Amino acid sequence: MTESTKPHPSDLKTIGLTPFIYCSNQPLFHVSAGIPIGDALSQASDLLFLVKAFAEGAAYDKKNDRHAWGAYFLAAMSKAVIDDVMKVINHQSFTTRNQTQV
């Protein structure tokens with residue numbers, strides 16, 4: 001594969017194979033496929049900003065666990081988005097490496 005045929009990172013999109021938040025051992029949600037990875041990572045960054053704020057709130061307010069649960073669910077969502085993006089990046093890296101070895 002030549003440099004000109006490699007996909008540009010801005011052309012890569014989520015594959016939607018990453019589940020999160022399970023109920024009865026079944027995923028309740030999945031990352032959506034087809035989201036540009038830059039947009040997905042930007043959203044994950046926004047979610048992680050909220051995770052930090054909620055975790056900080058939970059640390060200071062011992063009487064109320066709503067911040068802790070909010071942080072927990074937002075962290076799960078963020079992790080799923082990042083994991084899905086990494087599947088795309090790792091697949092591209094594996095595909096490129098195999099095609100250059102042929």
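These numbers come from a predicted model, not from an experiment.
Expressed to the nearest 0.5 Å, how far CZ of F54 lies from CZ of F49 amounts to 10.5 Å. The NE2 atom of H91 sits 13.5 Å away from the CE atom of M86 when rounded to the nearest 0.5 Å. Once rounded to the nearest 0.5 Å, the distance linking CG of L17 with NZ of K87 reads 6.0 Å. Taken to the nearest 0.5 Å, the NZ atom of K79 stands 15.5 Å off from the CG atom of L74.
Neither I82 nor Y22 shares a network with the other; the hydrophobic side chains, linked directly or stepwise wherever heavy atoms of I, L, V, M, F, W or Y lie under 4.5 Å apart, form separate groups for each. Both W69 and L28 are members of a single hydrophobic cluster when ILVMFWY side chains are connected at heavy-atom separations under 4.5 Å. Under the 4.5 Å side-chain heavy-atom criterion for grouping Ile, Leu, Val, Met, Phe, Trp and Tyr, I37 is connected to L48 within one hydrophobic cluster. Residue I35 is not grouped with residue I89 when hydrophobic side chains (ILVMFWY) are merged at heavy-atom distances under 4.5 angstrom, including chains of intermediate members.
The main-chain N or O of V31 is never found under 3.5 Å from a side-chain atom of D84 such that the two would form a donor-acceptor pair. Proximity of a side-chain donor or acceptor of S45 to a complementary backbone N or O of L41 within less than 3.5 Å is not detected.
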Going through the distances and angles, do V81 and Q43 end up as a side chain to side chain contact (heavy atoms under 4.5 Å, CB included)?
CA-CA 8 Å; V81 170; Q43 185 65 48; 5.6 Å; no
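Side chains of H67 and D65 form no contact here, defined as non-hydrogen atoms less than 4.5 Å apart. Taking the side chain as every heavy atom from C-beta outward, H30 and T18 never approach each other to under 4.5 Å. Here the side chains of M77 and F20 are in contact, with some heavy-atom distance below 4.5 Å.
Taking every heavy atom of both residues into account, A55 and A71 meet most closely at N-CB, 4.0 Å. Between T14 and S32, the shortest heavy-atom distance links the atoms OG1-O, 2.6 Å. Closest heavy-atom contact between P19 and P27: CB-CB, 3.2 Å.
In Y72, the OH atom is not crowded: 12 or fewer heavy atoms of neighbouring residues, nucleotides or ligands sit closer than 6.0 Å.
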